[in-house]
Amino acid sequence: MQNNALVVVDMLYDFIDGSLACHNADAAVTNTLKFIDLHTKDQGGEDHEILDTFPILFIRDHHPADHSSFKEQGGIWPSHCVAGTRGGEIHADLLPYASEELTFDKGCDRAVEQYSGFDGQNNAGQSLGEILELLDTSDVYVCGIATEYCVRNTCEDLLKAGFKVHLLSDCLAYVDAEGHRKALAEMAQEGIKVE
């Protein structure tokens, strides 16, 4: 898996069992863990050594309580993924694979809606694209929630930035089944490998 990385988009409790719970979320988490096990099981060693050979990067919706996308503020979504709440936390089974420098928060500015992981920053102010370049990544595997929004926007930005993008279709959750199928078909036409 040389030069490969996994990007986990918004596998957060509000999208799994909370205010914006998506279809297939539990299966998406389970299958993501299987994918990680498959690509790290022969490596042994410490966790940080595993991350050196197969980096796992996390995107996290991380909103202030009065974010403009929330219905209470005139937006289209119920309140979700507020910083400091359970709803905004990465699923506990995935948390052991998350590190601060490889976690990118988006949607932190109350006035700005950000779907793409490319808009996020880690605690050092670096973007997803910058870190993937530093890691000398060529192929990016993507899983997460939700197919039609944050996953799609992240995949399209990865593709624009010149990465080969592999979308793990059994590791996705979605708002609407029809929208999910349509988004997969359109992404495949754009050159994203749906696997």
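The figures here come from the full heavy-atom set of this structure, side chains too, leaving out hydrogens, waters and symmetry mates.
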Exercise answer: donor-acceptor pairs, residues 130-137 side-chain atoms, under 3.5 Å, sequence neighbours excluded:
{"unit_1": "E130", "atom_1": "OE2", "unit_2": "S127", "atom_2": "N", "d": "2.9"}
{"unit_1": "E130", "atom_1": "OE2", "unit_2": "S127", "atom_2": "OG", "d": "3.2"}
{"unit_1": "T137", "atom_1": "OG1", "unit_2": "L132", "atom_2": "O", "d": "3.1"}

After noting the C-alpha distance and the side-chain angles of R181 and E178, does the key distance pass the salt bridge (Lys or Arg N to Asp or Glu O under 4.0 Å) rule? CA-CA 5 Å; R181 284 191 290 273; E178 187 53 43; 3.1 Å; yes

Looking at OG1 of T103 and CG of L57, how far apart are the two atoms once the value is rounded to the nearest 0.5 Å? 8.0 Å

Looking at D17 and R86, does any basic side-chain N land under 4.0 Å from a carboxylate oxygen? yes

Within a strict 4.5 Å, meaning less than it, do heavy atoms of the H80 and S69 side chains meet? yes

Spacing of L184 atom CG and E148 atom CD [to the nearest 0.5 Å]: 9.0 Å

Taking all non-hydrogen atoms of both residues into account, name the closest pair between I76 and K71 and its distance. O-CE, 3.5 Å

For the rings on F58 and F104, is their centre-to-centre separation under 6.0 Å? no

With rounding to the nearest 0.5 Å, note down the distance linking NZ in K193 to CG in L159. 8.5 Å

Between E113 and H67, is there a side-chain heavy-atom distance shorter than 4.5 Å? yes

Heavy-atom distance under 4.5 Å between the side chains of V142 and V8, does that happen here? no

Expected output: side-chain N24 to main-chain A27 donor-acceptor under 3.5 Å: no

Measuring from L168:CG to H166:NE2, what's the distance to the nearest 0.5 Å? 9.0 Å

For the pair F35 and N31, evaluate side-chain contact (heavy atoms from CB on, under 4.5 Å) and give the outcome as yes or no after the intermediate values. CA-CA 6 Å; F35 181 84; N31 290 332; over 6 Å; no

Evaluate the side-chain contact (heavy atoms from CB on, under 4.5 Å) criterion for residues T147 and M187: first the C-alpha distance (whole Å), next the side-chain angles of each, then the deciding distance (0.1 Å), finally the verdict. CA-CA 10 Å; T147 309; M187 283 189 275; 4.0 Å; yes

Side-chain heavy atoms of R110 within contact of H63, under 4.5 Å: no

Closest approach of G129 to F163 (non-hydrogen atoms, all atoms of both residues): O-CZ, 4.4 Å

Heavy-atom closest pair, residues I90 and Y13: O-CE1, 3.8 Å

Quick one: does Y141's side chain get under 4.5 Å of V7's, heavy atoms only? no

Check for me, please, whether Y97 and I16 land in the same ILVMFWY cluster - side-chain distances under 4.5 Å, paths through other members count. yes

Looking at every non-hydrogen atom in both residues, tell me the closest pair between A188 and V194 and how far apart they are. CB-CG2, 4.1 Å

Is the shortest heavy-atom distance from the side chain of F15 to the side chain of Y149 under 4.5 Å? no

With sequence neighbours excluded, residues passing side chain to side chain donor-acceptor pair (under 3.5 Å) with S169: none

Indicate yes or no for a side-chain donor-acceptor contact from Q114 to the backbone of G107 under 3.5 Å, with no hydrogens or angles considered. yes

Checking one residue: F70. Which other hydrophobic residues are in its cluster under the side-chain 4.5 Å linking rule? V82

Note: with side-chain heavy atoms under 4.5 Å as the link, the other cluster members for V112 come out as none

Verdict with supporting geometry, V175 and I145, side-chain contact (heavy atoms from CB on, under 4.5 Å): CA-CA 9 Å; V175 175; I145 310 172; over 6 Å; no

Any chance you could measure D105, atom CG, to R60, atom CZ, to the nearest 0.5 Å? 4.0 Å

Carboxylate-amine/guanidinium proximity below 4.0 Å for K106 and D10: yes

Is it possible for you to say whether F118 and L102 belong to one hydrophobic cluster, with membership spreading through side-chain heavy-atom contacts below 4.5 Å? yes

Answer yes or no: is there a donor N or O on one side and an acceptor on the other, between the side chain of D14 and the main chain of G18, under 3.5 Å? no

Point-to-point distance, once rounded to the nearest 0.5 Å, from CG of D109 to NE2 of H62: 13.5 Å

If you draw a 6.0 Å radius around CD in E100, do more than 12 non-hydrogen atoms from other residues or ligands fall strictly inside? no

All heavy atoms of T32 vs all of C171, minimum pair found to be OG1-CB, 3.4 Å

Test side-chain contact (heavy atoms from CB on, under 4.5 Å) on I56 and L94; report intermediate values, then the result. CA-CA 10 Å; I56 302 170; L94 291 163; over 6 Å; no

Excluding sequence neighbours, so at least two apart, what forms salt bridge (Lys or Arg N to Asp or Glu O under 4.0 Å) with K164? none

Give me the atom names and distance for the closest heavy-atom approach of P78 to S19. CG-O, 3.7 Å

Qualifying residues under salt bridge (Lys or Arg N to Asp or Glu O under 4.0 Å), relative to E156, sequence neighbours excluded: R152

Ion pair present between D157 and K160, side-chain N to carboxylate O less than 4.0 angstrom? yes

